[in-house]
There are 2 protein chains.
Amino acid sequence: MVRGTMAQTESLATDDLMTIGQMCETFGVTPRTLRFYEAKELVAPLRTGTRRLFTRRCRARLKLILQGKRFGFSLEDIRQLLDLYDLGDSQATQIMRTRALALERLAAMEAQRAELDAAIADLKDQLARTDTLLAQREAE
Amino acid sequence: MVRGTMAQTESLATDDLMTIGQMCETFGVTPRTLRFYEAKELVAPLRTGTRRLFTRRCRARLKLILQGKRFGFSLEDIRQLLDLYDLGDSQATQIMRTRALALERLAAMEAQRAELDAAIADLKDQLARTDTLLAQREAE
DNA sequence: CGAAAAGTTGACGTTTGCGTAAGGTTGACG
DNA sequence: CGTCAACCTTACGCAAACGTCAACTTTTCG
């Protein structure tokens, strides 16, 4: 429907409307995920009857969403950030707000990394002791 | 009950039975947590009527539990490991099993660390760009 | 003795981010 | 024209680890 049927694949560059299936393949997510994001107002695809059509804008947003997730933001955080993004085109207060949240997140992530590093070190330590034990038993 | 009342605090070294409250303070957990762990058969405190009395053994187990959590093991994993620990005193197969799980966990943790590092780097990148934007606006 | 503090057992609630049917419609292809 | 794949909505499930009442009993302290 997006265009001639067999032209769908090639039309991706031309046409900026994608079906849910195409989106899933492109971004490596499930349909459920996209519908869920829509329900949470993270994306707002068009419709052809009941069928969703994802615009270029949806794709841009989805990219940001997936990035945000990598950074450990919750979907709710991401929604708010996306809203800020939309609201005005780069007003200082909004950039600052985003920045603040990003810095917070960064701090949290670095703290988490520190903990993780410590835990890794401790676990390695434990393993070393286990190895020692095994070696002793072997020696008998 | 554990001993004379005002002697409770000092008796910690002598007496190896602790109330749930003492445990909580010692380990920084809530009563709910300890009852939950008991329900999950991670610890098995004695009773005085209905009241729990945590033994030295309970404390040793709790320590291991909290360690295990730091390492990212699930409570179920931890329960199994504790059972192994109890079963025999250091039979080779059991040590090996523990080792295997630990190595798995270690790999997972290091993978997670790598991801986290990448995410941190990316987020810093984003921040740098935001800074650039802000600087430009400032310049106007 | 009498009240406050501490402990007890249920049992339902919370959180996040989807997974997973169930059952129905639509559109494209041979 | 039939059918099959892709899509739709609705709604319950889940998973871990406790939190949070509610309603009692038991200690402990003044």
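Here the structure is a predicted model, which is why all the values come from computation and not from measurement. A, B, ... follow the sequence lines: proteins, then strands. Residue 1 opens every chain.
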Colleague: Rounded to the Å, how far apart are A:M23 CE and D:dC7 P?
Modeller: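 Between P of D:dC7 and CE of A:M23: 12 Å.
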Colleague: Which of the following nucleotides, C:dT8, C:dG7, D:dC7, is nearest to the side chain of A:R35?
Modeller: D:dC7
Colleague: In this structure, are over 12 heavy atoms from other groups packed under 6.0 Å from A:E76 atom CD?
Modeller: yes
Colleague: Using only side-chain N and O atoms of B:T50, determine if any of them is under 4.0 Å from OP1 or OP2 of D:dT25.
Modeller: no
Colleague: Could you check whether A:E38 pairs with A:R35 (Lys NZ or Arg NE/NH1/NH2 to Asp/Glu carboxylate O, under 4.0 Å)?
Modeller: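 Not counted as a salt bridge, because no side-chain N and carboxylate O are separated by less than 4.0 Å.
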Colleague: Step by step, work out the side chain to side chain contact (heavy atoms under 4.5 Å, CB included) result for B:I120 and A:E110.
Modeller: CA-CA 8 Å; B:I120 286 177; A:E110 290 188 323; 3.8 Å; yes
Colleague: Please give, in whole Å, the distance from D:dC8 C1' to A:F54 CZ?
Modeller: 12 Å
Colleague: Do A:D131 and B:R99 sit within salt-bridge range, that is, some charged N less than 4.0 Å from a carboxylate O?
Modeller: yes
Colleague: Atom pairs under 3.5 Å, N or O on each side, protein against nucleotides 19-21 of chain D: can you list them with distances?
Modeller:
residue : atom : partner : partner atom : Å
D:dG19  : OP2  : B:T30   : OG1          : 2.8
D:dG19  : N7   : B:R32   : NE           : 3.1
D:dG19  : O6   : B:R32   : NE           : 3.4
D:dG19  : O6   : B:R32   : NH2          : 3.0
D:dT20  : O4   : B:R32   : NE           : 3.1

Colleague: Would you say C:dG17 has OP1 or OP2 under 4.0 Å from some side-chain N or O of A:Y37?
Modeller: no
Colleague: Starting from C1' on C:dG17, measure out to CG on A:L66 and report it in whole angstrom.
Modeller: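 After rounding, the reported distance stands at 13 Å.
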Colleague: Going by number, which of residues 67-77 of chain A have a non-hydrogen atom under 4.0 Å from DNA chain C?
Modeller: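 Nucleic-acid contacts, sorted: A:K69, A:S74, A:L75.
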Colleague: To the nearest Å, give me how far apart CD1 (A:I65) and C1' (C:dG17) are.
Modeller: 13 Å
Colleague: Nearest whole Å is fine: how far is D:dT25 P from B:R47 CZ?
Modeller: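 Rounded to whole Å, this separation is 17 Å.
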Colleague: Starting from P on D:dT27, measure out to CG on B:L53 and report it in whole angstrom.
Modeller: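 Rounding to the nearest Å, CG of B:L53 and P of D:dT27 are 11 Å apart.
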Colleague: CZ of A:R32 to CG of A:L34: how many Å apart, nearest 0.5 Å?
Modeller: 10.5 Å
Colleague: By nearest atom, which of the nucleotides C:dT8, D:dC8, D:dA17 is closest to the B:R52 side chain?
Modeller: C:dT8
Colleague: Does B:R70 have any salt bridge (Lys or Arg N to Asp or Glu O under 4.0 Å) partners at least two apart in sequence or in another chain, and if so, which?
Modeller: A:D122
Colleague: Any side-chain heavy-atom pair from A:R52 and A:M23 closer than 4.5 angstrom?
Modeller: no
Colleague: Please state how far atom CD in A:E25 lies from atom P in D:dA6, giving the value in whole angstrom units.
Modeller: 10 Å
Colleague: Looking at OG1 of B:T30 and CZ of B:F36, how far apart are the two atoms once the value is rounded to the nearest 0.5 Å?
Modeller: 10.5 Å
Colleague: Give a yes/no on whether any side-chain N or O of A:R51 is located under 4.0 angstrom from OP1 or OP2 of D:dA6.
Modeller: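 Checking D:dA6 against A:R51, no side-chain N or O comes under 4.0 Å of OP1 or OP2.
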Colleague: Ignoring hydrogens, what is the shortest heavy-atom contact between B:R47 and B:T50? Give both atom names and the distance.
Modeller: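 Smallest heavy-atom distance, with atoms named: NH1-O, 2.7 Å.
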Colleague: With B:E115, which residues qualify under salt bridge (Lys or Arg N to Asp or Glu O under 4.0 Å), at least two apart?
Modeller: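 Listed in chain order: nothing, the list is empty.
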Colleague: Could you tell me which nucleotide pairs with C:dG30 by Watson-Crick or G-U wobble geometry, both distances under 3.5 Å, or answer none if nothing does?
Modeller: D:dC1
Colleague: Report the C-alpha separation of B:L82 and B:V43 in whole Å, then their side-chain angles, then the decisive distance to 0.1 Å, and conclude whether the side chain to side chain contact (heavy atoms under 4.5 Å, CB included) test is met.
Modeller: CA-CA 10 Å; B:L82 284 176; B:V43 292; over 6 Å; no
Colleague: Go through the structure and list residues passing salt bridge (Lys or Arg N to Asp or Glu O under 4.0 Å) with B:R113, not counting sequence neighbours.
Modeller: A:D117, B:D117
Colleague: Under 4.0 Å from any atom of DNA chain C, heavy atoms only: list the residues of residues 106-118 of chain B that qualify, in numerical order.
Modeller: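 Output list: empty, so none.
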Colleague: Once you round it to whole Å, what is the distance between C1' of C:dA28 and CD of A:Q22?
Modeller: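 In whole Å, C:dA28 C1' and A:Q22 CD are 14 Å from each other.
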